[in-house]
Protein chains: 2
Amino acid sequence: MGAKHAMDPDLLDEVGRRLLAELQEDARQPYAELGRKVGLTAPAVAERLRRMEVAGLIQGYRAQVNRSAMGWKLAAFVRIRAFPGQDSAIERFAADTAEVLECHEVTGEDSYLLKIAAANVQHLDRVITALAPLGATHSVLVLSTKVEGKILAPVGA
Amino acid sequence: MGAKHAMDPDLLDEVGRRLLAELQEDARQPYAELGRKVGLTAPAVAERLRRMEVAGLIQGYRAQVNRSAMGWKLAAFVRIRAFPGQDSAIERFAADTAEVLECHEVTGEDSYLLKIAAANVQHLDRVITALAPLGATHSVLVLSTKVEGKILAPVGA
DNA sequence: CTTGAAAAACGTGATGT
DNA sequence: ACATCACGTTTTTCAAG
């Protein structure tokens, strides 16, 4: 429980932080180019990344896909106040439903906050309707996204 | 305006969809292995990916970094009802502040919904306090994240 | 548009500092 | 913990189907 991974602080020195920033911008750069940017050779970069992966600092390398181009034209946030005993049903729904992009348990009057994608308004309505039996929902549609996928810097950098 | 990219529908056939799914799970797989999974040779895979990139379907390849391991122990959602004339100030704040991970313009009484990361409660309080002059805020803390980074399937797949 | 083969570039392991 | 070198693999390019 708690601290799962050995937290080697040396991994987050100046070199480590610049590597993480570079990898968030482009995860497919050759090790040699990463090394050129941070002042290491390619094998040294590879070993640092390997250590960052086992430490759980790097969780994976993912392609970023354009939601709109794939047909998910709408995004929405739904907060839901679970009806008694429906919490686990909501979590299962979130895990099993392709339209649910994120599900967070939150403080306050609502139990969960869900980020949802849909092809159109009818589609979105279907998802929200499916949620209705599980709790009281409040939905807002995303009109435009101003910031998303920002590069994560180490705290206090 | 609107449709920026030539939307070649052939890119989202069965093979294209499986490639996108694979790349979302691991963006650093060799082309040959991707090809083995979808039934293409390595150069054919490379060519399809190149087309998907210029079509804007693939926006980039990003390392997924563990926020908690980097010191961002807390996450929160803040919805804010902008004071008159403060909308652009909020958007600038969101763009320039490292703690703001996402910023969406939304429907309803609130103007924006922000996803925020912080090292601790004091840190979070500083960010929310900085937002206070720009609008009326409602904040909820994330207690646990049940779903995040789900693989995006094509609509109706 | 896809395939197959060649050349160039890359990743990985061993060795030494 | 990093640099250097060597080897196997991968990416890339190009000619051809």
Side-chain angles (χ1 to χ4, degrees), chain A residues 3-66 69-71 153-155 157, chain B residues 3-66 69-71 154 157:
Chain A
K4 298 195 199 79
H5 303 288
M7 235 314 225
D8 187 342
D10 292 2
L11 289 177
L12 277 176
D13 60 2
E14 176 66 17
V15 170
R17 283 182 271 150
R18 289 175 59 190
L19 282 175
L20 284 182
E22 285 295 335
L23 284 172
Q24 286 179 83
E25 288 186 11
D26 180 4
R28 297 190 54 147
Q29 297 177 69
Y31 292 159
E33 187 171 341
L34 289 169
R36 189 183 55 72
K37 288 173 178 168
V38 305
L40 289 181
T41 59
V45 170
E47 188 176 331
R48 277 189 94 113
L49 295 191
R50 192 193 57 76
R51 293 203 317 256
M52 286 181 174
E53 287 162 10
V54 303
L57 245 154
I58 298 175
Q59 294 180 313
Y61 304 92
R62 299 262 198 109
Q64 274 221 326
V65 170
N66 186 330
M70 284 188 76
V155 174
Chain B
K4 300 197 199 81
H5 303 286
M7 236 314 226
D8 187 343
D10 293 0
L11 289 177
L12 277 176
D13 59 3
E14 175 66 16
V15 171
R17 283 183 272 148
R18 288 176 60 190
L19 281 175
L20 284 181
E22 285 294 335
L23 284 172
Q24 286 179 83
E25 288 186 10
D26 180 5
R28 299 192 55 149
Q29 298 177 70
Y31 292 159
E33 186 170 342
L34 288 170
R36 190 182 54 72
K37 289 174 179 167
V38 304
L40 289 181
T41 60
V45 170
E47 173 66 11
R48 277 189 94 112
L49 296 192
R50 193 194 59 75
R51 285 189 345 239
M52 286 181 173
E53 287 163 11
V54 304
L57 243 155
I58 297 176
Q59 294 180 313
Y61 304 91
R62 295 240 182 142
Q64 273 222 329
V65 170
N66 186 330
M70 283 188 76

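In this text the structure is predicted, and so the values were computed from the model without any measurement. Every chain is numbered from 1 and lettered A, B, ... according to where its sequence line falls, protein lines coming before strand lines. Reckoned from all heavy atoms, side chains included, excluding hydrogens, waters and symmetry mates.
Annotation: salt bridge (charged side-chain N to carboxylate O under 4.0 Å, His left out) contacts of A/Arg51 (sequence neighbours excluded): A/Glu47. Every side-chain contact (heavy atoms from CB on, under 4.5 Å) that A/Ala42 has, sequence neighbours left out, goes to A/Tyr31, A/Ala32. Applying the side-chain contact (heavy atoms from CB on, under 4.5 Å) rule to A/Ala44 yields the partners A/Leu40, A/Thr41; only residues at least two apart in sequence or on another chain are considered.
Distance check: A/Arg28 CZ to A/Glu33 CD gives 13.5 Å after rounding to the nearest 0.5 Å.
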Side-chain donor-acceptor pairs under 3.5 Å in residues 56-64 of chain B, sequence neighbours left out?
unit_1: B/Tyr61; atom_1: OH; unit_2: B/Glu53; atom_2: OE2; d: 2.7
unit_1: B/Arg62; atom_1: NE; unit_2: A/Gln24; atom_2: O; d: 3.0
unit_1: B/Arg62; atom_1: NH1; unit_2: A/Gly149; atom_2: O; d: 2.6
unit_1: B/Arg62; atom_1: NH2; unit_2: A/Gly149; atom_2: O; d: 3.3

Ignoring hydrogens and angles, write down the donor-acceptor pairs under 3.5 Å from the side chains of residues 13-22 of chain A, residues two or more places apart or on other chains.
unit_1: A/Asp13; atom_1: OD1; unit_2: A/Val15; atom_2: N; d: 3.3
unit_1: A/Asp13; atom_1: OD1; unit_2: A/Gly16; atom_2: N; d: 2.9
unit_1: A/Asp13; atom_1: OD1; unit_2: A/Arg48; atom_2: NH2; d: 2.6
unit_1: A/Asp13; atom_1: OD2; unit_2: A/Arg48; atom_2: NH2; d: 2.9
unit_1: A/Arg17; atom_1: NE; unit_2: A/Leu12; atom_2: O; d: 3.3
unit_1: A/Arg18; atom_1: NH2; unit_2: A/Lys37; atom_2: O; d: 2.3
unit_1: A/Glu22; atom_1: OE1; unit_2: A/Gln29; atom_2: NE2; d: 3.3
unit_1: A/Glu22; atom_1: OE1; unit_2: A/Lys37; atom_2: NZ; d: 3.2

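The separation between A/Glu47 atom CD and C/dG13 atom C1' is 11 Å, rounded to whole Å.
Terminal axes of the helix from C/dC1-D/dG17 to C/dT17-D/dA1 (five pairs each, C1' rotation axis) are separated by 30°, to the nearest 10°.
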Dump every N/O contact between nucleotides 4-12 of chain C and the protein below 3.5 Å, one line per pair.
unit_1: C/dG11; atom_1: OP2; unit_2: A/Tyr31; atom_2: N; d: 3.0

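If you check every strand for non-hydrogen atoms under 4.0 Å, A/Arg51 touches sugar and phosphate atoms only. Counting non-hydrogen atoms under 4.0 angstrom, A/Arg50 reaches nothing in the nucleic acid.
In terms of heavy atoms, A/Val45 sits closest to A/Gly35 at CG2-CA, 3.5 Å.
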Q. Between A/Leu23 and A/Leu34, is a side-chain contact (heavy atoms from CB on, under 4.5 Å) present by the stated rule, with each step listed?
A. CA-CA 8 Å; A/Leu23 284 172; A/Leu34 289 169; 3.9 Å; yes
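Counting 5' to 3', DNA chain D first comes under 4.0 angstrom of a heavy atom of chain A and last does so at the ends given by D/dA1 to D/dC5.
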